[in-house]
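Each remark here refers to the structure printed beneath this line.
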Amino acid sequence: MTTQALNSLARASSSYLRSAMHQPIQWHEWGEEAFAIAKRENKPILLDIGAVWCHWCHVMDRESYDDADIAHIVNERFVAVKVDRDERPDIDSRYQIAVSAISGQGGWPLTAFLTPDGKPFYGGTYFPPQEHYGRPSFRRVLLSISDAYREKGGDVAEQARLVEAAIAKSDAPAGNETAVSSGVVDEIVQSAIKMFDSANGGFGSAPKFPHPSILDLLIDRFSRTRDSTIREIFTSTLQKMAYGGVYDQLAGGFHRYSVDERWIVPHFEKMSYDNSELLKNYVHAYQVTGLSFFAEVARDIIRWINDWLSDQEHGGFYASQDADYSMDDDGDYFTWTLDEANAVLSEHELAVAALHYDINEVGEMHHNPAKNVLYVRASKEEIAKRLKLSSGEVNRRLDSARKKMYAARLQRPTPYIDKTMYTGWNAMCVSAYLQAAAALQIDAARHFALRSLDRILSEAWNNQSGMQHVIEYSDPHSQKRSINGMLEDYAFTANACLDAYEATADITYYRFADRIAARMQDKFWDAQGGGFFDSERSIEQKLGVLGTPRKPFQDSPTPAGNPAAAILLLRLNAYDHNQEIHDRATRTLALLADKASQYGIFAGTYGIAVVMLQLPHSQVVILGEDETADQLYAAAAGSFRFGQTLLRLKKDQAVAQNLPPNLATTIPNLPGLLQKSVAVVCSGSSCQPPTSDPNHLAQLISSQSK
């Protein structure tokens, strides 16, 4: 028995790259070595960009890259480079734009063909091994591209030049700073209203993705206007998503997206960043509506993250859970046949569960029609009426059935958990947990979020070199690769530090936020044109198209870097009245002011930043440790709107050296500060008179939002 030789990806750190170490392709990691070989041998580069959670990436690996004949063509005619899009979003974002310009579509796997210096001239996504799905065979594509490169070098060079120009133009502001007005937020909101699917919730048609930032913008708008149309959009969307198959009805947590407009059949991978941002949506929806359903879903998301996507011992959040446990599986772990349900449930439990989750002989999965995606088809009230049962009995049977089905599912082979910890995604989870902990009074979530943030600051941040993109890799056998932090890593982490300061009143977190924000400006701020670049301009290699500057303003799929950075600067300015950072936030938002509405629902984070720029920022400060202070805190935590922060201080913390500059000049000087527990609402450099009445506090907070 012969042992198959490993390619160079055996030395990689990424789980996605290491999964290809046994392939016959002579893969290279992205780096100077691969480009030097391509130039020396005058070969085009085959660039594969994918992710460990990506189903079609695994399909193409099995069908094409594991094939000896295809491997021979690749090895003979190309220099093959494989990239993990989670590990290197800066590479992925640029080549996604390039391939979209060439073929009209992007996604993963991304298959791009580059000149030896890394300029893209052709590409697509998934290519089947034979002519299929209306796509040419990968073998034919490889041969055609190789021949074209050798025989039509001039045409290839011209195409590469045009594509590089498209990258430079895409997602880039026009260069003219335009005054930022509230009208741009109105236009973004109107885009969401026009795209709203009133029948199924969400925006647009299939496939359907969650859009957390635009939902948060709508929730904020409703909190200020009480507009019933706005309320219907976000409540309907959040309810129907949570009832759909896109939500894991047994374990909790959301899958990445739905292939149908009704949210029933998902792509089954689960991402930390989707669940962190949707957690915020459900918390904020609960705060503005008071509907307990939203709080229940939020708690359930936390349950899933705690169980599956977090290091409960050391702190930190994992990246993702795969959709499949093998190449032959396509969501089978998460789906059920009627026989499978019958095998684990009693007759009475099955009667209720089959109606509630729509479990039938024929299900929703096309590749296996017997498989059912669990979604809420019939309400508990409908089932009680149909089966002539009490609501309590329906609840008891359904709860028992859910526990038994989940226990049975745990016995199945489990899809891979990528335990890589990315700095920015971890920071997003920290912020979500802290916001949920405050609104829903979940102390355990608060403690875990702080422990996780402490790990980020300990392992990913260095006062001299700055932020790292990766905290820890999934594979214990791999070495940690040093990858410089990107704009989002800095912005999300510093915002999480401010959330931690507001959760603890520990001034250390505020100082970390200030320090990280300063380094972010040093590394990414464009002093000439305004705004922030997505990665360092002194980037090591400027290999390929990495030297092409990008200033991300569009949410896809995480909140966009520039508005996230602007939000950070505005939050800091509210604490220290630093005119320079306020001006930089304003300049950043001004870059897109004249065309932000064209981004529609993908401009949600930009809209949030504009709201925070234009409306007065307020701080609600609770002073005290007794029951009155608890009641005041609960009254303040029950409200939500952007630009409003909540801080609770022990009376011995209300001293200037423990407070940011703005609060240091106001809070210690309040009359009668030590006499009783009070709440103070401050805006700018002034505060309202203290109050000990929770109802009065709620009125003061409401008046600040108008």
Side-chain angles (χ1 to χ4, degrees), residues 49 85-101 106-107 110 164 166-175 177 180 184 188 209 211-214 216-217 271 273-274 277 422-425 427-428 467 469 483-495 517 520-521 523-526 528-537 539 542 544-570 584-585 587-610:
I49 303 179
R85 64 87 45 212
D86 295 342
E87 184 183 43
R88 293 301 303 264
D90 53 338
I91 298 172
D92 175 64
S93 61
R94 286 163 171 78
Y95 285 103
Q96 288 287 348
I97 295 167
V99 171
S100 293
L110 194 77
E164 188 173 17
I167 299 173
K169 289 181 181 178
S170 178
D171 207 15
E177 296 182 19
V180 182
V184 70
I188 295 169
F209 289 81
H211 292 279
S213 290
I214 195 68
D216 256 359
L217 181 64
M271 311 302 298
Y273 58 73
D274 286 328
E277 302 314 281
Y422 294 103
T423 299
W425 297 0
M428 292 163 69
M467 192 75 69
H469 179 59
I483 299 174
N484 290 337
M486 295 162 215
L487 174 62
E488 292 181 358
D489 295 312
Y490 282 79
F492 295 160
T493 302
N495 272 308
M520 177 188 78
Q521 294 172 80
K523 286 180 176 288
F524 307 112
W525 174 252
D526 180 2
Q528 288 188 316
F532 293 87
F533 297 114
D534 67 329
S535 53
E536 295 182 55
R537 303 317 310 137
I539 201 159
K542 295 192 177 175
V545 294
L546 279 184
T548 305
R550 287 193 67 243
K551 295 178 182 176
F553 278 89
Q554 187 171 188
D555 299 331
S556 181
T558 53
N562 267 273
I567 288 169
L568 168 63
L569 298 184
L570 292 168
R584 287 185 173 182
R587 284 191 67 190
T588 298
L589 298 177
L591 286 175
L592 203 72
D594 63 342
K595 69 172 189 176
S597 60
Q598 299 173 21
Y599 286 20
I601 60 174
F602 297 97
T605 307
Y606 179 85
I608 292 167
V610 173

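Note that this is a predicted model, so its numbers are computed, not measured.
We find the CZ-CD distance between Phe602 and Gln554 to be 6.5 Å, quoted to the nearest 0.5 Å. Here OG of Ser213 is found 11.0 Å from CD1 of Ile188. Values are rounded to the nearest 0.5 Å. To the nearest 0.5 angstrom, Asp90 atom CG is 9.5 Å from Arg550 atom CZ. Between the NE2 atom of His469 and the CG atom of Asp86 there is a distance of 7.5 Å, given to the nearest 0.5 Å. Thr605 OG1 to Ile214 CD1: the interatomic distance, rounded to the nearest 0.5 Å, is 9.0 Å. Expressed to the nearest 0.5 Å, how far CH2 of Trp425 lies from OG1 of Thr558 amounts to 8.0 Å.
Nearest heavy atoms, Ala609 versus Leu570: O-CD1, 3.6 Å. The two residues Glu277 and Pro559 make their nearest non-hydrogen contact at OE1-CG, 3.9 Å. Nearest heavy-atom pair across Ser100 and Gly106 is OG-N, 3.6 Å. Residue Ala585 comes nearest to Ala566 through the heavy atom pair CB-O, 3.9 Å, listed as atom of the first residue, atom of the second, then distance. Arg587 approaches Gly529 most closely through the heavy-atom pair NH2-C, 3.6 Å. Shortest non-hydrogen contact noted between Tyr490 and Met467 is OH-N, 2.9 Å.
Judged purely by atom type and a 3.5 angstrom limit, Asp489 uses its side chain to pair as donor or acceptor with the backbone of Met486. At distances below 3.5 Å, at least one donor-acceptor pair connects side-chain atoms of Tyr606 with backbone N or O atoms of Leu589. Looking at Asp555, its side chain does come within 3.5 Å of a backbone N or O of Gly604 through a donor-acceptor pair. Between the side chain of Glu488 and the main chain of Ala560, no donor-acceptor pair closer than 3.5 Å is present.
Under the side chain to side chain contact (heavy atoms under 4.5 Å, CB included) rule, Tyr95 has a single partner from Ile91, Asp92, Ile97, which is Ile91.
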- [ ] Step by step, work out the side-chain contact (heavy atoms from CB on, under 4.5 Å) result for Phe492 and Thr423.
- [x] CA-CA 8 Å; Phe492 295 160; Thr423 299; over 6 Å; no
- [ ] Check the pair Phe532 / Gln521 against side-chain contact (heavy atoms from CB on, under 4.5 Å), numbers first and verdict last.
- [x] CA-CA 8 Å; Phe532 293 87; Gln521 294 172 80; 4.1 Å; yes
TODO: Report the C-alpha separation of Leu568 and Met520 in whole Å, then their side-chain angles, then the decisive distance to 0.1 Å, and conclude whether the side-chain contact (heavy atoms from CB on, under 4.5 Å) test is met.
DONE: CA-CA 10 Å; Leu568 168 63; Met520 177 188 78; 3.8 Å; yes
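In summary, the aromatic rings of Tyr599 and Phe553 are positioned with their centroids too far apart to meet the 6.0 Å limit.
A cation-pi arrangement is present between Lys551 and Phe533, with the terminal nitrogen or guanidinium carbon under 6.0 Å from the aromatic centre and inside a 45° cone about the axis.
A salt bridge links Asp534 with Arg94: the distance from a Lys NZ or Arg NE/NH1/NH2 to an Asp or Glu carboxylate oxygen falls below 4.0 Å.
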